[in-house]
Amino acid sequence: MLFNSLEFFVFLAAVLVVQAALAPTPRKVALLAASYLFYAAWDWRFLSLIALSTGLDFVVGAALGRDPGTQPEAAPPGRRRRLLLATSLVVNLGMLGFFKYAGFFATELAELLAPIGIRPTPFVVSVVLPVGISFYTFQTLSYTIDIYRGRLRPTQSLLDFALFVAFFPQLIAGPIERASRLLPQIESIRRPSSVEFSSGFRLVLWGIFKKVVIADRLARVVDFVYASGTEPTGPEIWLATYAFAFQIYCDFSGYTDVARGVARMLGFDLMVNFRLPYLARNPAEFWRRWHISLSTWLRDYLYISLGGNRRGTFATYRNLMITMLLGGLWHGANWTFLLWGAFHGGLLVGHRALSSTLYRVAPASDIGAWLWAWSSRLLVFHLVCIGWLIFRADSVAHATTLLVRGFTSVSPGAAAQWWMPLCILLLPLMAYQYWQTRLDELEPIESAAGVIRYLVPSMFLFAIILLGEDFGAPFLYFQF
């Protein structure tokens, strides 16, 4: 059930009506049932995986909460507590690894052994990747890890915890919420105010607009140039790469906007997942603005656990590389994702190594600082785009070919006729982001005059109806 489909809006209308009519506890039950129905629309068989993660981590969390050492000032965790946490990690990551990576690594092993005459028959898992498993797995793991670290008390309600895991607006592609933030909202479930409901609806319209009007139209050029077997020219490759940068941003941030808007219409507040990432002035800032729920998860549960920056320069660089490699691998079983993670790890290491020098040479005058800031933004954007080329390519060999042709083939090809239409397509996004930057607000429409507050969403709605491309096209991050 896709956000950009009539089926979803019929489902949402029914959920909103039911929620408005029920008392708090029945509302939770109905919302959990709706969340399971939403997920079952993809494949009802995989509900068993959500149920297993829910039941396991609820029991593990309760057991950790009964043990001494739950509070930060208590004695260090004992062997039993480590075993409980290990159980949660092994089962959850085991399921994620099995469904997401087992077939890939079995096939790679067979190809590796073939040149020396060993031809094993690999066990290739021929199952559909359960949608959303990367997201809800990280969400449930954060719950048990936080209890283990003494930063969270376990919930006493299985109903509340099940709704935390399966809450349908953010179940499929995030944001990856923390129990410390979402569980209290579920425990004290409330009806939204009229202001929250209307602002949530406006956010939904903006997200759908970014998806069906901008992202899905950019996809035409991207898919044409990146199709295997084609020989695009350098300008075509870079134009398609810029298009993909905005396609993946509008697609994923559009999903997040819809998720946050729907949640707000139900009385919940989900975390911000994007903060104008292409305005970042360095690689570290980019990851503070892009897919914030994943980057902060990796920081808090992986980078810091590895030692962060507390054990010297070399260890810091190592930890950054490991974190970004695993962050790349999180996106799927493909060497391009691992290479993309290594590329961003290298950018973070390079920026950290040069940060003190860059600070010293940065101009102090107002005009110099302005030029420095925008030069930095342009450089970081283009480095990120090189990363997107690697990310979007079908294979490492395909990425290599595109990079070589991108710097050696100078014929304009079809790019000459694509530039203007794509720039016009991106104008609404640029105008809205200028508005956001000017007011320093992610939702400037909420502080606008009344007529603007209703005129702009009406324009989004008409554009969606008249210009929306391929309603029902899946969101890109569903495959991760």
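What you see below is based on every heavy atom in this structure, not just the backbone, and it leaves out hydrogens, waters and symmetry mates.
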Trace of the side-chain contact (heavy atoms from CB on, under 4.5 Å) decision for Ile176 with Thr296: CA-CA 10 Å; Ile176 304 168; Thr296 54; over 6 Å; no

Under the side-chain hydrogen bond (donor to acceptor under 3.5 Å, both in side chains) criterion, do Arg275 and Ser253 qualify, and how do the steps go? CA-CA 9 Å; Arg275 291 186 182 275; Ser253 69; over 6 Å; no

Show your reasoning for whether ring-ring contact (aromatic ring centres under 6.0 Å, His included) applies to Phe252 and Phe274. CA-CA 9 Å; Phe252 193 17; Phe274 293 88; 5.1 Å; yes

Take Leu203 and Met265 through the test side-chain contact (heavy atoms from CB on, under 4.5 Å) and record every step on the way to the result. CA-CA 10 Å; Leu203 192 55; Met265 293 167 72; over 6 Å; no

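Between Phe244 and Tyr226, the ring planes are tilted. Angles from 30° to 60° get that label. In this pair, Tyr255 and Phe475 present their aromatic rings perpendicular. The plane angle is above 60°, beyond the 30 to 60° band. Ring orientation note: the planes of Phe38 and Phe168 are tilted relative to one another, at an angle of 30° to 60°. Taking the six-membered ring for Trp and thresholds of 30 and 60 degrees, Phe391 and His331 have ring planes more than 60 degrees apart, a perpendicular arrangement.
Each side chain to side chain donor-acceptor pair (under 3.5 Å) pair with one or both residues in residues 367-387, not counting sequence neighbours, appears once here: Tyr242-His382. Pairs passing the side chain to side chain donor-acceptor pair (under 3.5 Å) check and including a residue from residues 421-430, sequence neighbours excluded, do not occur. Screening residues 160-182 for salt bridge (charged side-chain N to carboxylate O under 4.0 Å, His left out), with sequence neighbours left out, gives Lys28-Asp160, Glu177-Arg181, Arg178-Asp300, Arg181-Asp269. Counting only residues at least two apart or on different chains, the side chain to side chain donor-acceptor pair (under 3.5 Å) pairs with a member in residues 440-461 are Arg202-Glu446, Arg264-Glu443, Glu441-Ser447. For the salt bridge (charged side-chain N to carboxylate O under 4.0 Å, His left out) condition, no pair includes a residue of residues 5-27, sequence neighbours left out.
Rounding to the nearest 0.5 Å gives a distance of 9.0 Å between CG of Leu461 and CG of Leu466. The structure places CG of Leu426 at 9.5 Å from CD of Gln433, a figure rounded to the nearest 0.5 Å. The distance from atom OG1 of Thr155 to atom CD1 of Ile186, rounded to the nearest 0.5 Å, is 9.0 Å.
In this structure, Tyr301 has its ring center no closer than 6.0 Å to that of Phe138. Proximity of the aromatic rings of Phe407 and Trp238 is defined here by a centroid distance below 6.0 angstrom, and this criterion is met. Taking the ring centroids of His291 and Trp330, they lie under the 6.0 Å cut-off. Taking the six-membered ring for Trp, Trp340 and Phe343 have ring centres at least 6.0 Å apart.
Within 6.0 Å of CZ in Phe9 there are more than 12 heavy atoms belonging to other residues, nucleotides or ligands. Under a cut-off of 6.0 angstrom, the local environment of CH2 in Trp44 is sparse, with at most 12 non-hydrogen atoms contributed by other residues, nucleotides or ligands. Taking a 6.0 Å sphere around CZ of Phe201, one finds it holds 12 or fewer heavy atoms contributed by other residues, nucleotides or ligands. The environment of Met459 atom CE is sparse: at most 12 non-hydrogen atoms of other residues, nucleotides or ligands sit within 6.0 angstrom.
Using a 4.5 Å heavy-atom threshold, the side chains of Phe99 and Leu49 count as touching. Side chains of Tyr136 and Ile172 form no contact here, defined as non-hydrogen atoms less than 4.5 Å apart. No side-chain heavy atom of Pro192 sits less than 4.5 Å from a side-chain heavy atom of Leu266. Residues Asp257 and Val204 have side chains not in contact (no heavy-atom distance under 4.5 Å, counting atoms from C-beta outward). Contact check for Tyr39 versus Leu47: side-chain heavy atoms found under the 4.5 Å cut-off. Contact check for Thr54 versus Thr140: no side-chain heavy atoms found under the 4.5 Å cut-off. Annotation: side chain of Val384 is in contact with side chain of Phe286 (closest heavy-atom distance under 4.5 Å). Side chains of Phe460 and Ile208 form no contact here, defined as non-hydrogen atoms less than 4.5 Å apart.
For Trp435, the ring-ring contact (aromatic ring centres under 6.0 Å, His included) partners two or more places apart in sequence, or in a different chain, are Tyr432. Scanning for ring-ring contact (aromatic ring centres under 6.0 Å, His included) contacts around Tyr143 gives Phe161, with sequence neighbours left out. Legend: residues meeting side chain to side chain contact (heavy atoms under 4.5 Å, CB included) with Ala353, ordered by chain and number and at least two apart, are Tyr317. Under the side chain to side chain contact (heavy atoms under 4.5 Å, CB included) criterion, Thr323 pairs with Leu298, Leu302, Tyr303, Leu306, sequence neighbours left out. Arg289 meets the salt bridge (Lys or Arg N to Asp or Glu O under 4.0 Å) test with Glu285; sequence neighbours excluded. Partners of Ala14 by side chain to side chain contact (heavy atoms under 4.5 Å, CB included), not counting sequence neighbours: none found. Under the rule for a side chain to side chain contact (heavy atoms under 4.5 Å, CB included), the partners of Val29 that lie at least two apart in sequence or sit in another chain are Leu159.
Without hydrogens or angle criteria, Thr241 side chain to Leu389 main chain gives no donor-acceptor distance under 3.5 Å. Between the side chain of Ser409 and the main chain of Gly406, no donor-acceptor pair closer than 3.5 Å is present. When atom types are taken as modelled, the side chain of Glu236 and the backbone of Thr233 share a donor-acceptor pair closer than 3.5 angstrom. Looking only at distances, no side-chain donor or acceptor of Asn273 sits under 3.5 Å from a matching main-chain atom of Thr256. Within the 3.5 Å criterion, the main-chain N or O of Asp394 finds a donor-acceptor partner in the side chain of His398. Not one N or O on the side chain of Asp251 forms a donor-acceptor pair closer than 3.5 Å with the backbone of Ala215. Looking only at distances, a side-chain donor or acceptor of Arg217 sits under 3.5 Å from a matching main-chain atom of Leu467. Distance alone, capped at 3.5 Å, places no donor-acceptor pair between the Asp146 side chain and the Leu152 backbone. Within the 3.5 Å criterion, the main-chain N or O of Trp287 finds a donor-acceptor partner in the side chain of Ser295. Of the possible polar contacts, one joining the Tyr278 side chain to the Ala245 backbone as a donor-acceptor pair under 3.5 Å is found.
Side-chain contact check for Arg153 and Ser180: no donor-acceptor pair (N or O, by modelled atom type) lies under 3.5 Å. Counting only N and O atoms by type, the side chains of Asn92 and Thr137 include no donor and acceptor under 3.5 Å apart.
When all heavy atoms are compared, the tightest approach of Ala166 to Leu171 is O-CD2, 3.8 Å.
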